[in-house]
Amino acid sequence: QVQVVESGGGSVQAGGSLRLSCEASGRTFSRNVVGWFRQAPGKEREFVSAIRWSGGSTYYADSVKGRFTISRDNAKNTVYLHMNSLKTEDTAVYYCAVSESIVIFTSPNMYNYWGQGTQVTVSS
């Protein structure tokens with residue numbers, strides 16, 4: 001099992017920044033890809049970004065490319081999502097998820113372990 005805990009959500013004005021953290025513990029050999037997803041009220045859960053634990057390759061949704069940066073700290077077993085130039089449409093519950101796959105997928109169905117989510121609210 002892999003335990004996933006997110007933190008760092010909050011409220012910010014448009015144009016501001018937030019940093020989300022995702023600590024993954026447990027079966028580290030199952031922790032191949034860590035992804036961030038978000039879900040706004042009435043909408044489906046959508047892919048935001050992901051990083052391969054080994055090698056550090058990254059992938060971003062077009063909607064956040066150039067504004068969000070994903071990174072990892074191996075020593076802390078933590079993945080970060082740095083969110084800059086936030087827009088009101090970024091408002092959602094953000095989820096961290098861990099996949100046993102070695103390939104980065106954008107479908108939430110390919111992720112095995114999920115955190116409880118953290119709310120991000122961007123006001124105009």
Side-chain angles (χ1 to χ4, degrees):
Q1 284 287 345
V2 176
Q3 291 76 45
V4 181
V5 178
E6 307 104 332
S7 61
S11 297
V12 65
Q13 287 192 322
S17 300
L18 281 174
R19 187 185 75 168
L20 304 183
S21 300
C22 172
E23 182 174 357
S25 60
R27 290 170 46 186
T28 56
F29 60 86
S30 297
R31 184 194 59 194
N32 292 315
V33 171
V34 178
W36 284 97
F37 292 78
R38 65 187 181 186
Q39 189 165 19
K43 295 188 177 181
E44 293 187 351
R45 191 167 298 189
E46 65 171 355
F47 173 83
V48 175
S49 181
I51 186 167
R52 287 189 62 187
W53 203 268
S54 176
S57 56
T58 60
Y59 191 74
Y60 297 92
D62 288 343
S63 58
V64 305
K65 202 172 292 183
R67 300 188 298 122
F68 291 10
T69 302
I70 191 170
S71 64
R72 77 195 191 289
D73 184 328
N74 289 351
K76 296 182 178 180
N77 294 328
T78 300
V79 169
Y80 302 100
L81 185 68
H82 306 262
M83 305 185 294
N84 297 319
S85 301
L86 282 161
K87 305 175 181 179
T88 55
E89 51 262 44
D90 294 319
T91 295
V93 177
Y94 283 70
Y95 296 91
C96 179
V98 174
S99 173
E100 296 180 349
S101 169
I102 60 173
V103 176
I104 291 179
F105 290 100
T106 60
S107 168
N109 296 329
M110 299 305 294
Y111 289 76
N112 306 93
Y113 309 99
W114 290 81
Q116 79 286 354
T118 185
Q119 176 71 46
V120 171
T121 303
V122 184
S123 58
S124 59

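Sequence positions, counted from 1, serve as the residue numbers for this chain. All of these numbers come straight from a predicted model, not from anything done at the bench.
- Closest non-hydrogen pair, Asn84 versus Ser17, comes out as OD1-OG, 2.9 Å.
- Taking each heavy atom of Ala24 and Val98 in turn, the nearest pair found is CB-CG2, 4.2 Å.
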Criterion side-chain contact (heavy atoms from CB on, under 4.5 Å) on Thr118 and Ser7, from CA distance to verdict: CA-CA 6 Å; Thr118 185; Ser7 61; over 6 Å; no
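- Note on ring orientation: taking the six-membered ring where Trp is involved, the planes of Trp114 and Phe37 are tilted (angle from 30° to 60°).
- With rounding to the nearest 0.5 angstrom, the OG atom of Ser49 is 11.5 Å from the CE atom of Met83.
- Considering all non-hydrogen atoms of both residues, Tyr111 and Ser99 come closest at CD2-CB, 3.6 Å.
- The two residues Arg72 and Trp53 have their closest heavy-atom pair at NE-O, 2.8 Å.
- Remark: side-chain polar atoms of Thr78 are paired, donor with acceptor, to backbone N or O of Lys76 under 3.5 angstrom.
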Check against side-chain contact (heavy atoms from CB on, under 4.5 Å), Val93 and Tyr95: CA-CA 7 Å; Val93 177; Tyr95 296 91; 3.5 Å; yes
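- In terms of the ring pair (Phe, Tyr, Trp, His ring centres under 6.0 Å) criterion, Tyr60 has no residue partners (sequence neighbours excluded).
- Counting non-hydrogen atoms of other residues, nucleotides and ligands closer than 6.0 Å to CD of Glu44 gives a total of 12 or fewer.
- Annotation for Tyr80: atom OH counts as buried by contact number, over 12 foreign heavy atoms lying within 6.0 Å.
- Side-chain contact between Glu46 and Arg38 is present, with at least one heavy-atom pair separated by less than 4.5 Å.
- To the nearest 0.5 Å, atoms CD1 (Ile51) and CD1 (Ile104) are separated by 7.5 Å.
- In this structure a side-chain-to-backbone donor-acceptor pair under 3.5 Å is missing from Glu23 to Asn77.
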Stepwise side-chain contact (heavy atoms from CB on, under 4.5 Å) check, Val103 with Val33: CA-CA 7 Å; Val103 176; Val33 171; over 6 Å; no
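- Proximity of a side-chain donor or acceptor of Arg52 to a complementary backbone N or O of Ile102 within less than 3.5 Å is detected.
- Between the side chain of Glu6 and the backbone N or O of Gly117, at least one donor-acceptor pair lies under 3.5 Å.
- One finds the CZ atom of Phe105 at 11.5 Å from the CZ atom of Phe47 (value rounded to the nearest 0.5 Å).
- What you find for Val4 and Cys22 is that their closest heavy atoms are CG1-SG, 3.6 Å.
- In this structure, OH in Tyr113 is found 13.5 Å from SG in Cys96, a value given to the nearest 0.5 Å.
- Tested against Val48, the residues Asp90, Leu20, Leu81 include a single side-chain contact (heavy atoms from CB on, under 4.5 Å) partner, Leu81.
- Across every non-hydrogen atom of Gly26 and Gln3, the tightest pair is CA-OE1, 3.7 Å.
- Judged purely by atom type and a 3.5 angstrom limit, Ser85 has no side-chain atom pairing as donor or acceptor with the backbone of Arg67.
- Summarising the geometry, atom OG belonging to Ser107 is positioned 11.5 Å from atom CZ belonging to Arg45; distances are rounded to the nearest 0.5 Å.
- Here CG of Asn74 is found 8.5 Å from OG of Ser54. Values are rounded to the nearest 0.5 Å.
- For the residue pair Gln119 and Thr121, a side-chain donor N or O sits within less than 3.5 Å of a side-chain acceptor on the partner.
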